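Everything numeric here is computed off the predicted structure, so don't read it as measured data.
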Amino acid sequence: MSSPAIIGWSHGKFGRSESPLPQMMADVARDAIAEAGLEPADIDVIHVGVFNNGLSRQGFEAALPGTVFPELARTPAHRHENACATGSAAIFAAHDSIAAGRHKTALVIGAERMTHASGHDVNEVLLSASFREEEEHFKSFAGVFGEIARQYFDRYGDHSETLAKIAAKNHANGSHNPLAHMQKDLGFEFCNTVSEKNPYVAEPLRRTDCSMVSDGAVALVLAAEDVAASASQAVTWRGMGNANDVLPLSQRDPLEMAGARAAMEQALTAAGIGIDDLDFLETHDCFTIAELLEYEAFGLAAPGQGHTLLDDGATEVGGRLPVNPSGGLKAKGHPIGATGVSMHALAAAQLTGRSPGIQIETPELAGVFNMGGAAVSNFASVLERVR
């Protein structure tokens, strides 16, 4: 079995784009293929992650790269959708096709164009990642996580300040990332204060507790060992994990994040390490309460004690385990299909000493966690640099 490696990547700037989706995809695909030292004709298979679900009238996104690159028009291409874990679903599929020996090279593109849609339409699309039969009354996906935060506060006390510390940390990190949607250090006081500029979105979540609606595209090139051997850089998987959980919140304890815990445990076990052996972690902070719950699900803190990591600076750059040095979804932005690909690309950039923003000092192992829905579809990676 081959051990696939990431040998090239390209990350567009997240934010508001006037480019149509095919062009956004083409720009990053072209640069990722070139960085890998390959030509479009060298790509054996394409895996595209686009959520869409009504954000665009154009479906069949797997065929879009072939409209821009004639050399890719007859290359097998597949489109993946797994809510906010769409990008990781595409990456894992590409990884598995190479590991199985079916392909030598794979192009993965994660993309989404969201800002052109109305707030109402975006809200309706995102709410579909919940179990609408029971959760429609929350009125938005922020409402779903607002309910999760309310349950957390009911069980462990008011942790509004903890959530504000997570937001402030990620915005401080994102202020150094030129690819981030928001490059502004908002500070703890602003994030912790309800105001006209920071109102409640879904109490107790404020605007600064919620990731932004963004456009963006990212591409990776994966290759088999013999192809990767001649690449100028290579980042491989030390461990992987993938687990689901029940969709309706009523059928599980959403504060437990059992699927997220299972995926991370799988990845760490396969890597032969513990969570504290990672040098940094890019994790899914679609809402600040999600990052807090992930701390606890991954074993960094006991249930209800995630706040201690913020209190002692453990998850800041320079702390015990820096979390989201890129700025995370909170500052970087969250174009749904692009998010998982972005997390893997920026982790690879960190490991090779080429981070566009804050650079962790000599990292060896990176953790990546990307989830779809309220920790329903969960993907975890432990990445390490080959060269």
Side-chain angles (χ1 to χ4, degrees), residues 82-88 126-127 129-130 135 138 140-153 155-156 159-171 173-174 191 201-214 243-247 249 252-264 275 281-301 303-307 309-310 315 321 323-324 326-336 339-340 342-343 367-380:
N82 220 343
C84 302
T86 288
S88 289
L126 296 182
L127 188 58
S130 66
E135 295 157 16
F138 291 130
S140 67
F141 204 57
V144 172
F145 273 87
E147 169 62 15
I148 293 171
R150 184 193 65 76
Q151 290 185 28
Y152 190 93
F153 287 15
R155 189 177 301 179
Y156 299 118
H159 280 281
S160 297
E161 288 193 6
T162 302
L163 301 187
K165 288 178 181 179
I166 291 172
K169 168 183 69 70
N170 291 347
H171 277 293
N173 292 348
C191 294
V201 174
E203 197 170 354
L205 299 181
R206 300 145 296 197
R207 181 175 291 165
T208 49
D209 294 308
C210 309
S211 57
M212 293 173 289
V213 172
S214 308
N244 262 51
D245 207 342
V246 180
L247 180 58
L249 296 179
R252 58 188 167 103
D253 180 355
L255 305 189
E256 186 181 358
M257 279 199 168
R261 182 179 65 247
M264 185 57 76
I275 188 73
L281 173 66
E282 287 289 341
T283 201
H284 196 101
D285 61 323
C286 52
F287 301 93
T288 52
I289 185 63
E291 181 170 324
L292 179 61
L293 288 171
E294 287 153 19
Y295 294 166
E296 299 173 9
F298 300 159
L300 288 166
Q305 296 299 308
H307 67 93
L309 299 170
L310 283 305
T315 57
L321 178 62
V323 176
N324 289 329
S326 69
L329 285 59
K330 181 78 254 324
K332 186 179 57 179
H334 185 22
I336 304 299
T339 287
S342 167
M343 298 169 92
V368 175
F369 174 73
N370 179 208
M371 71 182 185
V376 175
S377 178
N378 304 278
F379 292 80

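- Under the rule for a ring-ring contact (aromatic ring centres under 6.0 Å, His included), the partners of F287 that lie at least two apart in sequence or sit in another chain are F145.
- Heavy-atom minimum distance, A149 versus L205: CB-CD2, 4.0 Å.
- Side-chain contact between S130 and F138 is absent, with no heavy-atom pair separated by less than 4.5 Å.
- Side-chain contact check for H284 versus H334: some heavy-atom pair is nearer than 4.5 Å.
- Here L300 contributes atom CG and L292 contributes atom CG; the two are 11.0 Å apart, rounded to the nearest 0.5 Å.
- Closest approach of N378 to M371, counting heavy atoms only: OD1-CB, 3.6 Å.
- Pairs engaging residues 327-336 under the salt bridge (Lys or Arg N to Asp or Glu O under 4.0 Å) rule: none recorded [sequence neighbours left out].
- For T283, the side chain to side chain contact (heavy atoms under 4.5 Å, CB included) partners at least two apart in sequence or on another chain are L281, E291, E294, F298, V323, N324, F369.
- Residues passing the side chain to side chain donor-acceptor pair (under 3.5 Å) test with S160 are D158, sequence neighbours excluded.
- Annotation for P335 and G333: closest pair CD-C, 3.5 Å, computed over non-hydrogen atoms.
- A search for side chain to side chain donor-acceptor pair (under 3.5 Å) contacts involving R155 returns D253, not counting sequence neighbours.
- Listed by chain and number, the residues in a side chain to side chain donor-acceptor pair (under 3.5 Å) with D209 are R206, T288 (sequence neighbours excluded).
- Under the side chain to side chain contact (heavy atoms under 4.5 Å, CB included) criterion, C191 pairs with A164, A167, A168, L186, T208, sequence neighbours left out.
- Rounding to the nearest 0.5 Å places CG of N173 at 6.0 Å from NZ of K169.
- In this view, E296 and Y152 satisfy the side chain to side chain donor-acceptor pair (under 3.5 Å) rule, not counting sequence neighbours.
- Side-chain contact between Y295 and I166 is present, with heavy atoms from C-beta onward closer than 4.5 Å.
- Interatomic distance, CZ of R252 versus CE of M257, reported as 8.0 Å (0.5 Å rounding).
- Between the CG atom in D285 and the OG atom in S326 there is a gap of 8.0 Å [rounded to 0.5 Å].
- Listed for the N370 side chain is a donor-acceptor partner under 3.5 Å among the backbone atoms of C84.
- Under the rule for a ring-ring contact (aromatic ring centres under 6.0 Å, His included), H171 has no partner lying at least two apart in sequence or in another chain.
- When every heavy atom of A374 is checked against every heavy atom of F141, the shortest pair comes out as N-CZ, 4.0 Å.
- Contact record, N82 with S377: ND2-OG, 3.1 Å, taken as the closest heavy-atom pair.
- Every residue meeting the salt bridge (charged side-chain N to carboxylate O under 4.0 Å, His left out) condition with E256, not counting sequence neighbours, appears here in chain and number order: R261.
- The two residues A83 and G372 come nearest to each other via the heavy atoms CB-CA, 3.9 Å.
- A distance of 9.0 Å separates CG of L309 from CG of L321, quoted to the nearest 0.5 Å.
- M343 has its side chain out of reach of S88: every pair of non-hydrogen atoms, C-beta onward, lies at least 4.5 Å apart.
- For Q151, the side chain to side chain contact (heavy atoms under 4.5 Å, CB included) partners two or more places apart in sequence, or in a different chain, are E147, P254, L255.
- Under the side chain to side chain contact (heavy atoms under 4.5 Å, CB included) criterion, A243 pairs with A262, A263, Q266, sequence neighbours left out.
- The OG1 atom of T315 lies 10.0 Å from the NZ atom of K165; values are rounded to the nearest 0.5 Å.
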